[in-house]
Amino acid sequence: MSTTSTSKARQRIEALLDENSFVEIGALVSARATDFNLKQLDTPSDGVITGYGVINDNLVYVYSQDASVMNGTIGEMHAKKIANLYDMALKMGAPVIGLIDSAGLRLQEATDALNAFGEIYMKQSLASGVIPQITAIFGTCGGGLAMIPTLTDFTFMEEKDAKLFVNAPNTLDGNSTAKCDTASAKFQSEEAGIVDFVGAEAELFGQIRDLVSYLPANNEEEADYAACDDDLNRVCAQAAAGAKDAVIALSDIADDGVFVEVKKAYAKDMVTGFLKLNGMTVGAVANRSEVYGEDGKVAEKFDEVLSVQGCNKAAEFVQFCDAFSIPVLTLTNVKGFKATTCAEKGMAKAVARLTYAFANATVPKVNLITQKAFGSAYVAMNSKALGADVTFAWESAEIGTMDAKLASKIMFDGEGADVIDEKAKEYAALQNNALSAAKRGYVDYIIAPADSRKYIIGAFEMLYSKREERPAKKHGTV
């Protein structure tokens, strides 16, 4: 056994938790299998350190796999320790954080090890929506082990050495690691969308601690309130500038300008993340058509449309927020759907999933229409029809079935350009602006971008005691 490797698993726990707060559980557990001379091997803690501690004085349960003990493989007792940790976390109503570094299934234990995998999956499934689950991958996480992070709520991944895969890159027909490393953090965060945060190992611990501070301990408690020294009526000077890059607008609206983006590298046309408003955690979902780089210049551009990946990303996030009673804020700027052959294969289902997530959510829901809100794409983005409790619109927002010029061309097909232009202006004035939507009750307040923070905070404070029932059923099927 390598002392350095052993200390690595323990050092990760100590780096994550508040100083001197970790209490180990099951330190003396070891493998009991005897086949293939396993009895002759020393398996301290059976390759996983389990216990509890605190993050910013909040109770959490942690397990950290030890790659120095049989490469961190999961056997019968290894899995029982993790399963028992879940049982304790469920009883106490506290998050579980898994630090993964494992070669996967312990072949020497065969069906015992296979059953052990299933026991972990079962505990994770039972805990889903009850306590927050977080996974951080520091080494190998392959095969059946890859189900563990995907059954949790948030996944962190070390940027250089960590590997996440069901099938190794070299086993995929026509592929190799040199061609496309499908197990890399880059692929899993940008292409697969499984990984929420990527960084150096030391950075990940700080990111996990930050995320935990935004989350409730369980589905029956609220997230901790943070003291808010930021002016509730502060003018949002950058909000208008962030109409196309919602990260800028959300950061400007948030307490102290802090917005924690989730799945930052995936489906960049849709923004998801957390912010504090008057000290209260709020989940945010927003359309984005531009991404600004650190130099302040536009780095990427997207059409103002819903994509399959963006819808799935947003739907999953809204479901998490609803499960843990976290209010949802949306910033809407969308005019349609992505139109490609590839997108068409999954578009209807993805939009349906997003629609269902918003309609099914009973938490306080506030929608801010920043620029365009056209057609069914707008309806799917937390519209009044889907149950948004309060809808704001900036003064220059356009709200309707489609762009006025396009609507005019359809309605007055065959007419001259002058007629079409005139009718487009008439249509825009009557049907395609915030005022016309407000007159019909689809917008509650028309506000200036600079006033966004105070109005949104006021709306969520009013909605604090919201209670809303849904038809009795086991669960939905969308």
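Worth saying up front: this structure is predicted, and the values here are computed from it rather than measured.
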With side chain to side chain contact (heavy atoms under 4.5 Å, CB included) as the criterion, how do Q124 and Y86 come out once you've worked through the C-alpha distance, each side chain's angles and the decisive distance to 0.1 Å? CA-CA 8 Å; Q124 288 186 288; Y86 264 93; 3.5 Å; yes
Would you indicate whether the side-chain heavy atoms of [Y] and [X] approach each other to under 4.5 Å?
| X | Y | answer |
| --- | --- | --- |
| L275 | V260 | no |
| C236 | D451 | no |
| E300 | F302 | yes |
| V271 | E261 | yes |
| V282 | V328 | no |
| F22 | E14 | no |

Could you tell me whether [X] and [Y] have a side-chain N and a carboxylate O separated by less than 4.0 Å?
| X | Y | answer |
| --- | --- | --- |
| D269 | R288 | no |
| E469 | R467 | no |
| D87 | K91 | no |

Please say whether more than 12 non-hydrogen atoms of neighbouring residues, nucleotides or ligands are located less than 6.0 Å from NZ in K338. no
With rounding to the nearest 0.5 angstrom, report the [atom1] to [atom2] distance, [X] to [Y].
| X | Y | atom1 | atom2 | result |
| --- | --- | --- | --- | --- |
| E119 | L114 | CD | CG | 11.0 Å |
| T50 | L85 | OG1 | CG | 5.5 Å |
| M157 | I100 | CE | CD1 | 11.5 Å |
| K466 | S325 | NZ | OG | 11.0 Å |
| N360 | D322 | CG | CG | 6.5 Å |
| I326 | T281 | CD1 | OG1 | 6.5 Å |

Indicate every side-chain donor-acceptor pair of residues 452-461 with a distance under 3.5 Å to a residue at least two apart or in another chain.
{"from": "S452", "atom 1": "OG", "to": "W394", "atom 2": "NE1", "distance (Å)": "3.0"}
{"from": "S452", "atom 1": "OG", "to": "P449", "atom 2": "O", "distance (Å)": "2.7"}
{"from": "R453", "atom 1": "NE", "to": "D231", "atom 2": "O", "distance (Å)": "2.8"}
{"from": "R453", "atom 1": "NH1", "to": "I253", "atom 2": "O", "distance (Å)": "2.8"}
{"from": "R453", "atom 1": "NH1", "to": "D255", "atom 2": "OD1", "distance (Å)": "2.9"}
{"from": "R453", "atom 1": "NH2", "to": "D231", "atom 2": "O", "distance (Å)": "3.3"}
{"from": "R453", "atom 1": "NH2", "to": "D255", "atom 2": "OD1", "distance (Å)": "3.0"}
{"from": "E461", "atom 1": "OE2", "to": "N278", "atom 2": "ND2", "distance (Å)": "2.5"}

Side-chain ([X]) to main-chain ([Y]) donor-acceptor, under 3.5 angstrom:
| X | Y | value |
| --- | --- | --- |
| N175 | P169 | yes |
| S21 | L17 | no |
| K365 | F358 | yes |
| S128 | S125 | no |
| D303 | V305 | no |
| T391 | N367 | no |

Taking every non-hydrogen atom, the tightest pair across [X] and [Y]:
| X | Y | answer |
| --- | --- | --- |
| D256 | D230 | N-OD2, 2.8 Å |
| V478 | A352 | CG1-O, 3.8 Å |
| A361 | R470 | O-NH2, 3.4 Å |
| L463 | P364 | O-CG, 3.5 Å |
| A243 | N333 | O-ND2, 3.7 Å |
| M270 | G310 | CG-O, 3.5 Å |

Counterpart residues, ring-ring contact (aromatic ring centres under 6.0 Å, His included), relative to [X] (two or more places apart):
| X | result |
| --- | --- |
| F156 | F197 |
| F324 | F320 |
| F317 | F274 |
| Y445 | F392 |

N/O donor to acceptor pairs below 3.5 angstrom from side-chain atoms of residues 375-387, sequence neighbours left out:
{"from": "N382", "atom 1": "ND2", "to": "T330", "atom 2": "OG1", "distance (Å)": "2.9"}
{"from": "S383", "atom 1": "OG", "to": "V379", "atom 2": "O", "distance (Å)": "2.8"}
{"from": "K384", "atom 1": "NZ", "to": "D389", "atom 2": "O", "distance (Å)": "3.4"}
{"from": "K384", "atom 1": "NZ", "to": "D444", "atom 2": "OD1", "distance (Å)": "3.0"}
{"from": "K384", "atom 1": "NZ", "to": "D444", "atom 2": "OD2", "distance (Å)": "2.3"}

Under 3.5 Å side-chain donor-acceptor pair for [X] and [Y]:
| X | Y | value |
| --- | --- | --- |
| D252 | Q238 | no |
| E290 | Y292 | yes |
| Y266 | Q188 | no |
| K163 | S184 | no |

Sequence neighbours excluded, every pair satisfying salt bridge (Lys or Arg N to Asp or Glu O under 4.0 Å) that has a member inside [range]:
| range | answer |
| --- | --- |
| residues 190-202 | K8-E201, R12-E201, K186-E190, D196-K263 |
| residues 125-150 | none |
| residues 339-356 | none |

Please lay out, stage by stage, how T332 and L368 fare under the test side chain to side chain contact (heavy atoms under 4.5 Å, CB included). CA-CA 6 Å; T332 299; L368 170 61; over 6 Å; no
Show which side-chain atoms of residues 135-154 pair as donor or acceptor with protein atoms under 3.5 Å away, not counting sequence neighbours.
{"from": "T135", "atom 1": "OG1", "to": "T152", "atom 2": "OG1", "distance (Å)": "3.1"}
{"from": "T150", "atom 1": "OG1", "to": "A146", "atom 2": "O", "distance (Å)": "3.1"}
{"from": "T150", "atom 1": "OG1", "to": "M147", "atom 2": "O", "distance (Å)": "2.9"}
{"from": "T152", "atom 1": "OG1", "to": "P149", "atom 2": "O", "distance (Å)": "2.6"}
{"from": "D153", "atom 1": "OD2", "to": "Q133", "atom 2": "N", "distance (Å)": "2.8"}

Not counting sequence neighbours, which residues clear side-chain hydrogen bond (donor to acceptor under 3.5 Å, both in side chains) with E304? List them please. none
Verdict with reasoning, V318 to V285, per side chain to side chain contact (heavy atoms under 4.5 Å, CB included): CA-CA 8 Å; V318 171; V285 175; 3.9 Å; yes
Can you give each donor-acceptor pair under 3.5 Å made by side-chain atoms of residues 52-62, sequence neighbours left out, with the distance rounded to 0.1 Å?
{"from": "N56", "atom 1": "OD1", "to": "R209", "atom 2": "NH2", "distance (Å)": "3.0"}
{"from": "N58", "atom 1": "ND2", "to": "D224", "atom 2": "OD2", "distance (Å)": "3.2"}

Could you please spell out the steps behind the side chain to side chain contact (heavy atoms under 4.5 Å, CB included) verdict for I399 and Y442? CA-CA 9 Å; I399 306 168; Y442 306 132; 6.0 Å; no
